[in-house]
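Let me begin by presenting the structure, written as structure tokens, before commenting on it.
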Amino acid sequence: MSVIDKLASSLDRRDEVPNQELAKEIVSSQDKQAVKVLFENLSNKKAIQNDCIKVLYEIGEQEPNLISNHINEFIAQLSSKNNRLQWGAMMALGTITRNRPKEIYKELPVILLAADKGSVITKDHAINILLKLCSIKAYSESTFSLLVEQLLKSPTNQLPMYAERSIPIINDKNKTLFVKTLRSRLNDIEKETKRKRVEKVIKEFD
């Protein structure tokens with residue numbers, strides 16, 4: 001069976017198991033040709049596109065090096081009209097951020113523009129990219145400033161999650177600005193449960 005024949009949609013399956021199994025198989029065999037085929041089919045019909053991006057980010061979760069040379073291809077998908085391709089590409093970029101921080105950092109203007117224009121899940125994965133870069137010393141300071149910008153304008157529904165995910169990268173140098181940023185958003189949060197989550201994060205560093 002070809003790579004495409006093994007995709008969920010080719011097997012007339014509605015679950016993701018075939019795609020997950022294919023990703024494991026490609027990682028196990030270090031099959032770079034199969035990876036190439038997946039990228040080539042991101043322009044196929046929508047069902048195939050969706051399966052291919054799923055397999056690619058599953059590969060990235062397990063073996064980032066197999067897809068880390070394809071940053072430009074993923075960046076190109078951030079402007080796709082297919083939402084699954086868009087957030088799937090953002091997720092894939094997140095899996096290779098620690099392997100290729102310099103290249104990902106360089107693409108942050110495009111990544112953050114896509115986050116601003118994209119769906120909630122696209123934005124979620126862009127935040128994950130920022131957090132990973134914040135954990136790398138060479139990019140921590142400038143990327144933290146970009147994270148603060150995102151926290152200032154993020155939807156209140158997402159803010160508690162973003163605040164909580166930020167905890168590991170907060171230190172003595174940036175905690176004052178982090179707390180100030182979260183405090184400035186408290187009055188925006190209408191749901192008490194969400195506001196309490198943000199207040200709990202503030203208390204950790206206040």
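Note: hydrogens, waters and symmetry copies are ignored here, and every other heavy atom, side chains too, is used. Quick note: residue numbers are just sequence positions, from 1.
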Completion exercise
Distance col, row E107:CD vs N72:CG, nearest 0.5 angstrom, shows 6.5 Å
Practice task
First locate atom CD of E21, then atom CD of E58, and finally report the distance between them rounded to the nearest 0.5 Å.
Solution key: 11.0 Å
Problem - Check: I121 and M90 side chains under 4.5 Å, non-hydrogen atoms - result: no
Handout entry: Heavy-atom check, side chain of V3 versus side chain of V55, under 4.5 Å
Key = no
Exercise for the section: Provide the closest heavy-atom pair for Q86 versus S80 in the form atom of the first, atom of the second, distance. Expected result: NE2-O, 3.6 Å
Practice task
Would you please say whether a donor-acceptor pair under 3.5 Å links the side chains of Q49 and N41?
Solution key: no
Handout entry: Note, K200 side chain near K196 side chain (heavy atom, < 4.5 Å)
Key = no
Completion exercise
Heavy atoms of A115 and A126 approach each other most closely as CB-CB, 3.6 Å
Exercise for the section: Indicate whether any N or O donor in one side chain lies under 3.5 Å from an N or O acceptor in the other, for N99 and S68. Expected result: no
Practice task
Report yes if some heavy atom in the side chain of R183 is under 4.5 Å from a heavy atom in the side chain of K180; otherwise report no.
Solution key: no
Handout entry: Salt-bridge criterion met for D188 and R185 (N-O under 4.0 Å)
Key = yes
Exercise for the section: Compare all side-chain heavy atoms of I202 with those of V198 and state whether any distance is below 4.5 angstrom. Expected result: yes
Problem - S154 side, atom OG; L147 side, atom CG - distance, nearest 0.5 Å - result: 9.5 Å
Exercise for the section: Compare all side-chain heavy atoms of C52 with those of N44 and state whether any distance is below 4.5 angstrom. Expected result: no
Handout entry: Residue pair T95 / E61, side-chain donor-acceptor N/O under 3.5 Å
Key = no
Exercise for the section: Answer yes or no: is there a donor N or O on one side and an acceptor on the other, between the side chain of S10 and the main chain of I4, under 3.5 Å? Expected result: yes
Practice task
State whether D206 and K175 are salt-bridged, where the test is any N-O pair (Lys NZ or Arg NE/NH1/NH2 against Asp/Glu carboxylate O) under 4.0 Å.
Solution key: no
Fill in the blank from the handout: Only residue of I189, N187, T156 satisfying side chain to side chain contact (heavy atoms under 4.5 Å, CB included) with R195 is I189
Handout entry: Nearest-0.5 Å distance, CG of residue L66 to CG of residue D31
Key = 8.5 Å
Practice task
Nearest 0.5 Å please: distance from the CD1 atom of I71 over to the NZ atom of K106.
Solution key: 10.0 Å
Exercise for the section: Return yes when atom NZ of K194 has more than 12 non-hydrogen atoms of other residues, nucleotides or ligands closer than 6.0 Å, and no otherwise. Expected result: yes
Exercise for the section: Please answer: with hydrophobic residues joined when any side-chain heavy atoms are less than 4.5 Å apart, are L159 and V120 in the same cluster? Expected result: no
Handout entry: side chain to side chain contact (heavy atoms under 4.5 Å, CB included) evaluation trace for Q158 with K123
Key = CA-CA 9 Å; Q158 304 305 105; K123 189 182 289 288; 5.6 Å; no
Practice task
Inspect the contact between E16 and R84 and indicate whether a charged nitrogen and a carboxylate oxygen are less than 4.0 angstrom apart.
Solution key: yes
Problem - side chain to side chain donor-acceptor pair (under 3.5 Å) between S119 and T122, intermediate numbers included - result: CA-CA 5 Å; S119 64; T122 301; 3.0 Å; yes
Exercise for the section: Return yes if a side-chain donor-acceptor contact under 3.5 Å exists between S184 and T181, otherwise no. Expected result: no
Practice task
Identify the heavy atoms of K132 and G94 that sit nearest to each other, and give their distance.
Solution key: NZ-O, 2.7 Å
Exercise for the section: Taking N19 for its side chain and A8 for its backbone only, find out whether a donor-acceptor pair lies under 3.5 Å. Expected result: yes
Exercise for the section: Say whether V148 and L113 are linked into one hydrophobic cluster, either directly or through other cluster members, by side-chain heavy-atom distances under 4.5 angstrom. Expected result: no
Problem - Geometric class of the W87/H125 ring pair [parallel <30°, tilted 30-60°, perpendicular >60°] - result: parallel
Practice task
Would you confirm whether D124, through its side chain, and I127, through its main-chain N or O, come within 3.5 Å as a donor-acceptor pair?
Solution key: no
Handout entry: I167 vs F205, side chain to side chain contact (heavy atoms under 4.5 Å, CB included): CA-CA, chis, key distance, verdict
Key = CA-CA 9 Å; I167 290 172; F205 303 101; 3.9 Å; yes
Handout entry: Trace of the side chain to side chain contact (heavy atoms under 4.5 Å, CB included) decision for K46 with L85
Key = CA-CA 9 Å; K46 193 172 183 179; L85 268 187; over 6 Å; no
Handout entry: For I169 against N174, the heavy-atom pair lying closest together
Key = O-ND2, 3.2 Å
Problem - Pair E141-C134, side chain to side chain contact (heavy atoms under 4.5 Å, CB included): steps then yes or no - result: CA-CA 7 Å; E141 198 168 324; C134 281; over 6 Å; no
Practice task
Keeping the roles fixed (side chain from T176, backbone from K173), state whether a donor-acceptor pair exists under 3.5 Å.
Solution key: no
Exercise for the section: Look at the aromatic rings of Y105 and Y139 and report parallel, tilted or perpendicular, splitting at 30° and 60°. Expected result: tilted
Handout entry: Distance-minimising heavy-atom pair for I96 and P64
Key = CG2-O, 3.6 Å
Exercise for the section: Taking the six-membered ring for Trp and the full ring for Phe, Tyr or His, determine whether the centres of Y57 and F74 are under 6.0 Å apart. Expected result: no
Practice task
Please check if atom NZ in K102 has more than 12 non-hydrogen atoms from other residues, nucleotides or ligands closer than 6.0 Å.
Solution key: no
Practice task
Would you kindly confirm whether L11 and L7 end up in one hydrophobic cluster when ILVMFWY residues are joined by side chain heavy atoms under 4.5 Å apart?
Solution key: no
Problem - Check: T143 side chain, S140 main-chain N or O, donor-acceptor pair, under 3.5 Å - result: no
Problem - Atom pair CD1/OG1 of I104 and T97 - distance to nearest 0.5 Å - result: 4.5 Å
Problem - pair L22-D51: side-chain heavy atoms closer than 4.5 Å - result: no
Problem - Side chain to side chain, L133 and L108, heavy atoms closer than 4.5 Å - result: yes
Problem - Pairing of E25 and K6 as salt bridge, 4.0 angstrom limit - result: yes
Exercise for the section: Run the salt-bridge test on K203 and E199 with the 4.0 Å N-O cut-off and return the result as yes or no. Expected result: no
